[in-house]
Amino acid sequence: EVQLVESGGGLVQAGGSLRLSCVASGITFDDHAIGWFRQVPGKEREDVSYFSSRDSTPYYRDSVKGRFTISRDNAKNTVYLQMNSLKPEDTATYYCAAGSVDSIIFMAGRIFGMEYWGKGTLVTVSS
């Protein structure tokens with residue numbers, strides 16, 4: 001059984017930092033894309049940052065470039081998202097997701113085919 005478990009969300013003031021963690025079990029990062037997505041109720045899901053393969057350069061959406069950093073520890077099957085200089089518009093539920101590199105596709109600037117999703121962790125940034 002594949003499980004993705006996120007942690008690290010919380011309430012922070014604008015300008016502050018949080019570090020999200022996602023521990024994966026039942027899959028390996030060798031053959032899966034892995035990354036972070038976020039969603040606000042009533043709005044479309046956003047791709048935040050991800051590795052499309054083991055050796056890929058990470059993707060960042062424009063609004064988080066220079067502020068967020070994704071990293072991973074393959075030995076621990078853990079992916080992280082360091083979020084600095086947080087803004088109120090970063091408020092969302094953040095989800096960790098993974099998908100086989102053979103199944104993912106890219107369309108209109110987004111990644112599709114992430115088969116496995118965590119339950120999410122809420123990040124709230126106050127102004």
Side-chain angles (χ1 to χ4, degrees):
E1 180 188 6
V2 177
Q3 281 193 319
L4 302 175
V5 180
E6 305 100 334
S7 62
L11 173 64
V12 65
Q13 287 190 329
S17 298
L18 285 173
R19 187 194 194 205
L20 306 184
S21 300
C22 170
V23 180
S25 59
I27 60 169
T28 65
F29 289 174
D30 286 353
D31 54 1
H32 282 78
I34 183 81
W36 293 93
F37 304 79
R38 67 187 183 189
Q39 189 164 26
V40 175
K43 293 191 176 181
E44 196 174 55
R45 187 201 77 200
E46 296 181 338
D47 301 0
V48 178
S49 180
Y50 57 79
F51 294 102
S52 59
S53 68
R54 176 176 179 160
D55 300 318
S56 67
T57 300
Y59 162 87
Y60 294 97
R61 69 179 296 106
D62 287 344
S63 62
V64 308
K65 285 179 180 177
R67 300 188 298 121
F68 291 10
T69 303
I70 190 172
S71 62
R72 64 189 176 194
D73 184 331
N74 290 341
K76 294 182 178 180
N77 251 24
T78 301
V79 63
Y80 306 95
L81 186 69
Q82 178 66 43
M83 305 187 295
N84 298 328
S85 302
L86 282 161
K87 304 176 180 180
E89 51 263 44
D90 295 318
T91 295
T93 299
Y94 284 71
Y95 297 90
C96 175
S100 168
V101 295
D102 294 329
S103 300
I104 57 172
I105 58 172
F106 301 92
M107 189 164 55
R110 294 182 61 189
I111 187 171
F112 295 90
M114 303 298 269
E115 304 160 82
Y116 309 106
W117 292 82
K119 293 183 178 180
T121 184
L122 179 62
V123 171
T124 304
V125 184
S126 64
S127 57

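These numbers come from the heavy atoms of this one structure, side chains and all, not from hydrogens, waters or symmetry mates.
Cys96 places a side-chain heavy atom less than 4.5 Å from the side chain of Trp36. Side chains of Glu6 and Leu20 form no contact here, defined as non-hydrogen atoms less than 4.5 Å apart. Proximity of Phe68 to Leu86: side-chain heavy atoms (C-beta onward) are separated by under 4.5 Å at one or more points. At a threshold of 4.5 Å between non-hydrogen side-chain atoms, the residues Glu115 and Ser103 count as touching. Side-chain atoms of Val79 and Ile70, non-hydrogen and from C-beta on, do get closer than 4.5 Å to each other.
Across Tyr116 and Ile27, no two heavy atoms sit closer than the pair CE1-CG2, 4.1 Å. Taking all atoms of both residues into account, the shortest heavy-atom contact from Gly26 to Val2 is O-CG2, 3.8 Å. Scanning all heavy atoms of the two residues, the minimum distance from Gln39 to Ala92 falls at O-CB, 3.6 Å. Between Ser56 and Ser52, the closest heavy-atom pair is OG-N, 3.0 Å. Nearest approach of Thr93 to Gly120, heavy atoms of both residues: CG2-CA, 3.9 Å. When all heavy atoms of Thr121 and Gly9 are compared, the pair lying nearest together is OG1-N, 3.1 Å.
Listed by chain and number, the residues in a side-chain contact (heavy atoms from CB on, under 4.5 Å) with Ser85 are Arg67 (sequence neighbours excluded).
Taking the centre of each ring, Phe37 and Tyr95 stay at or above the 6.0 Å mark.
We find the CG-OG1 distance between Asp90 and Thr124 to be 11.0 Å, quoted to the nearest 0.5 Å. Within the model, atoms OG of Ser25 and CG of Leu4 stand 7.5 Å from one another, a figure rounded to the nearest 0.5 Å. From Ile34, atom CD1 reaches atom CZ of Phe51 across 9.5 Å, with rounding to the nearest 0.5 Å. How far CG of Asp31 is from CG of Asp102: 7.5 Å, rounded to the nearest 0.5 Å. Distance check: Gln3 CD to Lys119 NZ gives 8.0 Å after rounding to the nearest 0.5 Å. To the nearest 0.5 Å, atoms CZ (Phe29) and OG1 (Thr78) are separated by 6.0 Å.
Residue Val64 is not grouped with residue Tyr80 when hydrophobic side chains (ILVMFWY) are merged at heavy-atom distances under 4.5 angstrom, including chains of intermediate members. Met114 and Tyr94 fall into different hydrophobic clusters, where Ile, Leu, Val, Met, Phe, Trp and Tyr side chains are chained together by heavy-atom contacts under 4.5 Å.
Residue Val5 is found outside any hydrophobic cluster, as its side-chain heavy atoms come under 4.5 Å of no other Ile, Leu, Val, Met, Phe, Trp or Tyr.
Each of Thr69, Asp47, Val48 was checked for a side chain to side chain contact (heavy atoms under 4.5 Å, CB included) with Tyr60, and the lone residue meeting it is Thr69.
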